[in-house]
Chemist: 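Before I ask anything, here is the structure I am working with.
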Amino acid sequence: MSLISSPQRSAPCPGSPPLISIVSWSQLLACEVLLPGDLAVDLTAGKGRDTCRLARAIGPAGQVVAFDLQASALEQAAALLRNHGLVVNCWPGDRALPKQSGVFLVQACHSTIGKVLQHPAKAIMANLGYLPGGDPALITRPDSTLAALQQSLHLLAPRGRLVVTVYPGHPGGAEEGAAVNAFFCHLTRDHWHVLSLRVVNYSDAPYLLVAERIV
Ligand SMILES: C[S@@+](CC[C@H](N)C(=O)[O-])C[C@H]1O[C@@H](n2cnc3c(N)ncnc32)[C@H](O)[C@@H]1O
């Protein structure tokens with residue numbers, strides 16, 4: 001996971017991430033549909049880097065909702081967000097969240113997204129796998145990932161994007177990847193534009209799947 005996933009790797013030009021930084025592409029493809037004031041979701045907050053990118057893209061009038069099962073991940077995410085001057089709120093995974101500006105961290109499985117979110121989102125991201133530097137046994141799993149992705153489809157606004165980074169290299173990652181691939185491949189052409197972005201000369205590299213709601 002570490003070789004290709006970090007947008008902080010040395011870059012060919014100062015300030016630009018390497019071409020094969022899949023996480024950078026995922027942030028770019030999620031953030032390019034966001035406007036100030038939009039609602040965005042991070043299904044796997046982890047250390048908060050994606051959450052922070054989403055929050056910066058939607059500005060102070062927007063709302064970001066970020067899920068993670070691990071308290072330690074959310075503590076790291078909260079610290080990063082506060083370092084960027086953002087106000088962090090905590091929200092339970094079993095209550096509907098009103099549309100309200102700010103960043104909301106939810107310590108719950110992302111499959112509770114349908115209970116928490118009541119309003120259409122413009123971007124929903126998931127960076128699967130395990131927390132870098134954390135317990136590699138605490139991974140995202142096909143059942144809850146697919147439940148979260150399925151609900152996300154119904155929560156996306158028109159032209160909204162579902163952006164998923166898959167890590168096939170760790171134990172369980174290939175199985176989850178196969179399930180997520182099938183999910184994206186079965187989205188109907190009439191309603192979804194679906195894109196896959198892969199590093200083709202590196203086996204087990206992370207890859208990206210993106211679905212954009214057409215109507
Ligand atoms: C690769 S990390 C996410 C990285 C993060 N997006 C970032 O920018 O730092 C994956 C995260 O998914 C979380 N996770 C695993 N299963 C989950 C679930 N069912 N619901 C929500 N989060 C989950 C893990 O705790 C871990 O922090």
Side-chain angles (χ1 to χ4, degrees), residues 1-9 17 21-31 40-57 64-84 86 88 90-94 97 103-117 123-152 155 161-173 175-177 179-180 183 204-210:
M1 198 191 282
S2 61
L3 263 181
I4 298 181
S5 63
S6 168
Q8 272 89 44
R9 288 184 62 216
S21 171
I22 290 295
V23 166
S24 298
W25 283 112
S26 75
Q27 293 175 346
L28 191 76
L29 288 167
C31 289
V41 178
D42 186 352
L43 293 172
T44 54
K47 297 185 177 184
R49 289 170 296 195
D50 297 324
T51 308
C52 196
R53 272 299 296 271
L54 294 172
R56 280 162 44 205
V64 181
V65 185
F67 295 82
D68 206 293
L69 279 175
Q70 296 190 67
S72 61
L74 290 176
E75 281 159 19
Q76 293 179 68
L80 181 79
L81 293 158
R82 289 190 184 110
N83 279 344
H84 281 80
L86 296 157
V88 177
C90 296
W91 192 262
D94 57 358
L97 179 61
V103 180
F104 293 81
L105 301 184
V106 183
Q107 191 188 342
C109 178
H110 39 222
S111 62
T112 63
I113 184 174
K115 280 192 191 134
V116 176
L117 243 72
I124 302 180
M125 290 185 80
N127 191 338
L128 302 176
Y130 60 88
L131 185 67
D135 182 350
L138 291 172
I139 52 173
T140 52
R141 309 230 170 235
D143 285 358
S144 46
T145 298
L146 290 182
L149 298 183
Q150 189 62 48
Q151 293 171 71
S152 297
L155 290 164
R161 286 185 185 167
L162 177 60
V163 177
V164 179
T165 302
V166 177
Y167 295 85
H170 61 270
E175 292 74 11
E176 181 178 45
V180 174
F183 172 86
D204 286 347
Y207 58 90
L208 190 59
L209 290 159
V210 184

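Atoms within a ligand are numbered from 1 in the order they appear, just like the ligands themselves.
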Chemist: Determine, considering heavy atoms only, which of Met125, Lys47, His110 sits nearest to atom 18 (C) of ligand 1.
Modeler: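 Considering heavy atoms of Met125, Lys47, His110, the nearest to atom 18 (C) of ligand 1 sits in His110.
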Chemist: Within ligand 1, which atoms have a heavy atom of Cys109 less than 4.0 Å away?
Modeler: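 Numbered from 1, ligand 1 contributes 19 (N), 20 (N).
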Chemist: Should Phe67 and Ile113 be marked as a side-chain contact (heavy atoms from CB on, under 4.5 Å) after you check the CA-CA gap, both sets of side-chain angles, and the distance that decides it?
Modeler: CA-CA 8 Å; Phe67 295 82; Ile113 184 174; 4.0 Å; yes
Chemist: Which heavy atom of Ser144 sits nearest a heavy atom of Cys109, and at what distance?
Modeler: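 Here Ser144 and Cys109 meet closest at CB-SG, 3.6 Å.
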Chemist: Should one rank Asp68, Leu43, Asp135, Leu54 by closest heavy-atom distance to atom 11 (C) of ligand 1, which comes out on top?
Modeler: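 Minimum heavy-atom distance to atom 11 (C) of ligand 1 goes to Asp68.
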Chemist: Just heavy atoms, cut-off under 4.0 Å: does Ala45 contact ligand 1 by side chain, backbone, both, or neither?
Modeler: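 Just the backbone.
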Chemist: Any atoms of ligand 1 less than 4.0 Å from a non-hydrogen atom of Gly48? List them with their elements.
Modeler: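 The atoms of ligand 1 under 4.0 Å from a heavy atom of Gly48 are 7 (C), 9 (O).
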Chemist: Report yes or no: does a heavy atom of Ala77 sit under 4.0 Å from some atom of ligand 1?
Modeler: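 Flag not set, Ala77 not near ligand 1.
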Chemist: Evaluate whether atom CH2 of Trp25 has more than 12 neighbouring non-hydrogen atoms of other residues, nucleotides or ligands under 6.0 angstrom away.
Modeler: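 No.
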Chemist: With a cut-off of 4.0 Å, which atoms of ligand 1 are near a heavy atom of Ala108?
Modeler: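 Checking each atom against Ala108, I get 20 (N), 21 (C).
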Chemist: Just going by heavy-atom distances, which of Leu138, Leu128, Asp42, Thr44 is nearest to atom 4 (C) of ligand 1?
Modeler: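 Answer by nearest heavy atom: Thr44.
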Chemist: Which ligand 1 atoms are under 4.0 Å away from a heavy-atom of Gln70?
Modeler: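 Taking each heavy atom of Gln70 in turn, ligand 1 has 24 (C), 25 (O) under 4.0 Å.
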Chemist: Could you say whether the N/O atoms of Tyr130 and ligand 1 ever approach to under 3.5 Å?
Modeler: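 No - when backbone and side-chain N and O of Tyr130 are compared with those of ligand 1, no distance drops under 3.5 Å.
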Chemist: Which is it for Leu131 and Leu138 under the side-chain contact (heavy atoms from CB on, under 4.5 Å) test, yes or no, and what are the steps along the way?
Modeler: CA-CA 8 Å; Leu131 185 67; Leu138 291 172; over 6 Å; no
Chemist: Can you tell me which residue among Thr165, Asp50, Thr44 is in a side chain to side chain donor-acceptor pair (under 3.5 Å) with Asn127?
Modeler: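 With Asn127 as partner, Thr165, Asp50, Thr44 yield a single side chain to side chain donor-acceptor pair (under 3.5 Å), made by Asp50.
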Chemist: Does the N or O separation between Arg49 and ligand 1 drop below 3.5 Å for any pair?
Modeler: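 Yes.
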Chemist: Which residue in the set Leu209, Leu28, Ile124, Leu208 passes side-chain contact (heavy atoms from CB on, under 4.5 Å) when paired with Val163?
Modeler: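 Filter result, single survivor: Leu208.
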Chemist: Go through it in stages, so that I can follow the logic: the residues are Arg49 and Leu80, the test is side-chain contact (heavy atoms from CB on, under 4.5 Å), and I'd like the CA-CA distance, side-chain angles, deciding distance and then a yes or no.
Modeler: CA-CA 8 Å; Arg49 289 170 296 195; Leu80 181 79; 4.0 Å; yes
Chemist: Run the numbers on Ser111 and Gln151 for side-chain hydrogen bond (donor to acceptor under 3.5 Å, both in side chains), then give the verdict.
Modeler: CA-CA 8 Å; Ser111 62; Gln151 293 171 71; 5.4 Å; no
Chemist: Side chain, backbone, both or neither: which part of Ser144 comes within less than 4.0 Å of ligand 1 when only heavy atoms are counted?
Modeler: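 The answer is the side chain of Ser144.
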